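Each remark here refers to the structure printed beneath this line.
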Amino acid sequence: MSSGSTSSSIRAAFSYCVQQVRNYDYHHYLCLLELPPNMRKPAFALRAFNVETARAMDVASDPRIGLMRLLWWQESIDKIFSNKLIEHPVAQALSSVISEHKVSKSWLKRSIEARINDAKRDLTDIPESVEELERYAEDTMSTILYSTLEAGGIRSTAADHAASHIGKASGLVLLLKSLPYHASQNRVFPYIPSKIAEKHGLLVNQSDIRIDSREGLSGAVFDVASVANAHLEKARELSGNVPSEARRVLLPAVPTGVVLDSLSRVQFDVFDPRLTRGILGVSPLWFQLKLKWYSWRGKY
């Protein structure tokens with residue numbers, strides 16, 4: 001393949017990544033636009049990888065097909081780091097990023113392995129505690145932030161610490177937002193820990209969670225959201241020690257805060273239709289202004 005056609009192929013791959021993030025992860029798409037130009041390519045490639053793996057089970061007609069897709073990505077990460085060509089635009093973009101920037105294989109492997117383990121989990125095998133959800137959130141969300149910081153050449157313990165908390169908060173609210181989808185598809189709530197479910201009278205037979213108690217569910221959602229909010233507050237407490245060049249990478253804290261505020265306004269009822277309006281329950285203009293304000297002030 002000539003250098004010209006290779007260059008064209010890479011441009012098309014990155015364009016695909018941007019479009020995937022815009023289509024399926026719009027609030028993070030807006031966050032990435034705030035990054036300096038030299039960081040956008042790796043950030044979009046990494047976020048597109050997250051989109052591909054996060055959607056694998058949802059778009060598959062059969063769970064086994066979704067799991068096969070995740071296993072394919074697990075194998076592809078090994079091939080990418082072995083400089084082998086993969087005929088997939090996100091894989092091609094990741095390969096280009098890895099050849100130009102330092103990105104640890106371990107973060108990407110940890111992310112895909114967490115999704116594989118979740119895909120293998122039986123729907124009735126609910127997590128026992130919120131700590132299990134926090135680990136899953138860090139494995140799938142914080143790792144994307146760690147990798148983005150790495151790709152940007154940002155070495156900071158404080159930034160990594162903040163990224164850990166933001167990823168956990170972001171992952172937890174994402175799981176909460178997914179509850180109506182899972183209830184409609186499978187009539188289960190796979191991401192309500194049994195200890196919290198039991199506290200709010202939702203647990204049946206030690207493994208089943210009632211889906212007919214809106215009040216009990218709102219209480220359970222409040223408990224998980226409170227943990228997410230605590231992580232968000234901890235991340236923001238660290239901001240004084242986070243280098244200025246890292247703060248825009250941590251802007252996903254803003255949409256996480258928006259979701260928590262939106263949940264609070266509807267008394268933590270995840271079935272309230274107001275949560276589906278605009279961007280994360282607020283008007284698109286308000287969301288973009290809020291994001292711009294945080295970016296301009298060097299905050300997250």
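Given the structure is predicted, the values throughout are model-derived calculations rather than measurements.
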Problem set entry | Test side-chain contact (heavy atoms from CB on, under 4.5 Å) applied to Leu108 and Leu46, step by step | CA-CA 9 Å; Leu108 300 181; Leu46 290 163; 3.8 Å; yes
Look at the side chain of [X] and the backbone N and O of [Y], then say whether any donor-acceptor pair between them is shorter than 3.5 Å.
{"X": "Arg110", "Y": "Thr143", "result": "no"}
{"X": "Ser76", "Y": "Trp72", "result": "yes"}
{"X": "Ser96", "Y": "Gln92", "result": "no"}
{"X": "Arg277", "Y": "Ser283", "result": "no"}
{"X": "Glu132", "Y": "Glu128", "result": "yes"}
{"X": "Tyr300", "Y": "Ser239", "result": "yes"}
{"X": "Arg69", "Y": "Ala56", "result": "no"}
{"X": "Arg274", "Y": "Gly281", "result": "no"}

With heavy-atom distances below 4.5 Å as the criterion, would you say the side chains of [X] and [Y] are in contact?
{"X": "Val97", "Y": "Phe14", "answer": "yes"}
{"X": "Arg47", "Y": "Asp25", "answer": "yes"}
{"X": "Pro89", "Y": "Cys17", "answer": "no"}
{"X": "Ser213", "Y": "Leu202", "answer": "yes"}
{"X": "Lys177", "Y": "Val270", "answer": "no"}
{"X": "Phe271", "Y": "Leu217", "answer": "yes"}
{"X": "His88", "Y": "Leu94", "answer": "no"}
{"X": "Ile65", "Y": "Asp62", "answer": "yes"}

For this session: Please lay out, stage by stage, how Arg22 and Tyr29 fare under the test side-chain hydrogen bond (donor to acceptor under 3.5 Å, both in side chains).
Result: CA-CA 5 Å; Arg22 178 173 181 145; Tyr29 165 80; 3.2 Å; yes
For this session: Apply salt bridge (charged side-chain N to carboxylate O under 4.0 Å, His left out) to Glu100 and Lys41, showing your working.
Result: CA-CA 11 Å; Glu100 296 178 18; Lys41 278 189 176 182; over 6 Å; no
Would you give the length of the straight line joining atom [atom1] of [X] to atom [atom2] of [Y], rounded to the nearest 0.5 angstrom?
{"X": "Ile116", "Y": "Ile112", "atom1": "CD1", "atom2": "CD1", "result": "5.0 Å"}
{"X": "Ser218", "Y": "His200", "atom1": "OG", "atom2": "NE2", "result": "10.0 Å"}
{"X": "Lys84", "Y": "Ile86", "atom1": "NZ", "atom2": "CD1", "result": "8.5 Å"}
{"X": "Leu203", "Y": "Ile126", "atom1": "CG", "atom2": "CD1", "result": "5.5 Å"}
{"X": "His28", "Y": "Ile144", "atom1": "NE2", "atom2": "CD1", "result": "10.0 Å"}
{"X": "Leu232", "Y": "Lys168", "atom1": "CG", "atom2": "NZ", "result": "13.5 Å"}

For this session: Return each pair, listed once, that meets ring pair (Phe, Tyr, Trp, His ring centres under 6.0 Å) where at least one residue sits in residues 208-241; pairs must be two or more places apart or across chains.
Result: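 Listed once each, the pairs are His165-His231, Phe222-Phe268.
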For this session: Can you tell me which residue pairs pass the ring pair (Phe, Tyr, Trp, His ring centres under 6.0 Å) test with a partner in residues 116-136, sequence neighbours excluded?
Result: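 Matches after skipping sequence neighbours: none remain.
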Problem set entry | Residue list, side chain to side chain donor-acceptor pair (under 3.5 Å) with Lys105, at least two apart or on another chain |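 Counting only residues at least two positions away or on another chain, Lys105 forms a side chain to side chain donor-acceptor pair (under 3.5 Å) with Asp78.
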For this session: Just say parallel, tilted or perpendicular for the rings of Tyr146 and Trp107, cut-offs at 30° and 60°.
Result: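 Tyr146 vs Trp107 ring planes: tilted.
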For this session: In sequence, state the C-alpha distance, the side-chain angles, and the governing distance for Val130 and Asp223, and then conclude on side-chain contact (heavy atoms from CB on, under 4.5 Å).
Result: CA-CA 9 Å; Val130 73; Asp223 285 358; over 6 Å; no
For this session: Begin from the C-alpha positions of Leu263 and Asp272 and carry the test side-chain contact (heavy atoms from CB on, under 4.5 Å) through to its verdict.
Result: CA-CA 9 Å; Leu263 282 170; Asp272 193 301; over 6 Å; no
For this session: Using a cut-off of 6.0 Å, state whether more than 12 heavy atoms not belonging to Lys299 lie near its atom NZ.
Result: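 Check fails, neighbour count at 12 or below.
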Problem set entry | Glu215 CD: over 12 foreign heavy atoms closer than 6.0 Å |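 Incorrect, the count does not exceed 12.
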For this session: Determine, stepwise, if the pair Arg247 / Ser244 fulfils side-chain hydrogen bond (donor to acceptor under 3.5 Å, both in side chains).
Result: CA-CA 5 Å; Arg247 292 175 189 169; Ser244 58; over 6 Å; no
Single-linkage hydrophobic cluster [X]~[Y], side-chain heavy atoms < 4.5 angstrom:
{"X": "Trp286", "Y": "Leu260", "answer": "yes"}
{"X": "Leu70", "Y": "Met141", "answer": "no"}
{"X": "Trp293", "Y": "Leu251", "answer": "yes"}
{"X": "Leu174", "Y": "Val254", "answer": "no"}
{"X": "Val59", "Y": "Leu67", "answer": "no"}

For this session: Check the pair Gln19, Asn23 against side-chain hydrogen bond (donor to acceptor under 3.5 Å, both in side chains), reporting the backbone distance first and the verdict last.
Result: CA-CA 6 Å; Gln19 199 59 45; Asn23 289 343; 3.2 Å; yes
So which heavy atom on [X] is nearest to which on [Y], and how close?
{"X": "Ser111", "Y": "Phe49", "value": "OG-CE2, 4.1 Å"}
{"X": "Ala159", "Y": "Ala246", "value": "CB-CB, 3.9 Å"}
{"X": "Ala45", "Y": "Val90", "value": "O-CG1, 4.2 Å"}
{"X": "Pro127", "Y": "Leu133", "value": "CG-CD2, 3.8 Å"}
{"X": "Thr140", "Y": "Ala114", "value": "CG2-CB, 3.9 Å"}
{"X": "Glu138", "Y": "Ser164", "value": "OE2-OG, 3.0 Å"}

Exercise. Between Glu131 and Arg135, is there a side-chain N and carboxylate O pair less than 4.0 Å apart?
Worked result: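 Salt bridge absent between Glu131 and Arg135.
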Problem set entry | Lys/Arg-Asp/Glu bridge criterion (N-O < 4.0 Å) met for Arg155, Glu150 |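 Salt bridge absent between Arg155 and Glu150.
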For this session: Could you walk me through whether Arg11 and Ser15 pass side-chain hydrogen bond (donor to acceptor under 3.5 Å, both in side chains), step by step?
Result: CA-CA 6 Å; Arg11 283 198 301 271; Ser15 178; over 6 Å; no
Do [X] and [Y] get their side chains close enough for a donor-acceptor pair, meaning under 3.5 Å?
{"X": "Asn50", "Y": "Arg115", "answer": "yes"}
{"X": "Asp58", "Y": "Tyr24", "answer": "no"}
{"X": "Asn117", "Y": "Glu113", "answer": "no"}

Problem set entry | Partner of Val249 by side-chain contact (heavy atoms from CB on, under 4.5 Å), out of Val242, Leu149, Ile166 |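 Between Val249 and the candidates, side-chain contact (heavy atoms from CB on, under 4.5 Å) is satisfied uniquely by Leu149.
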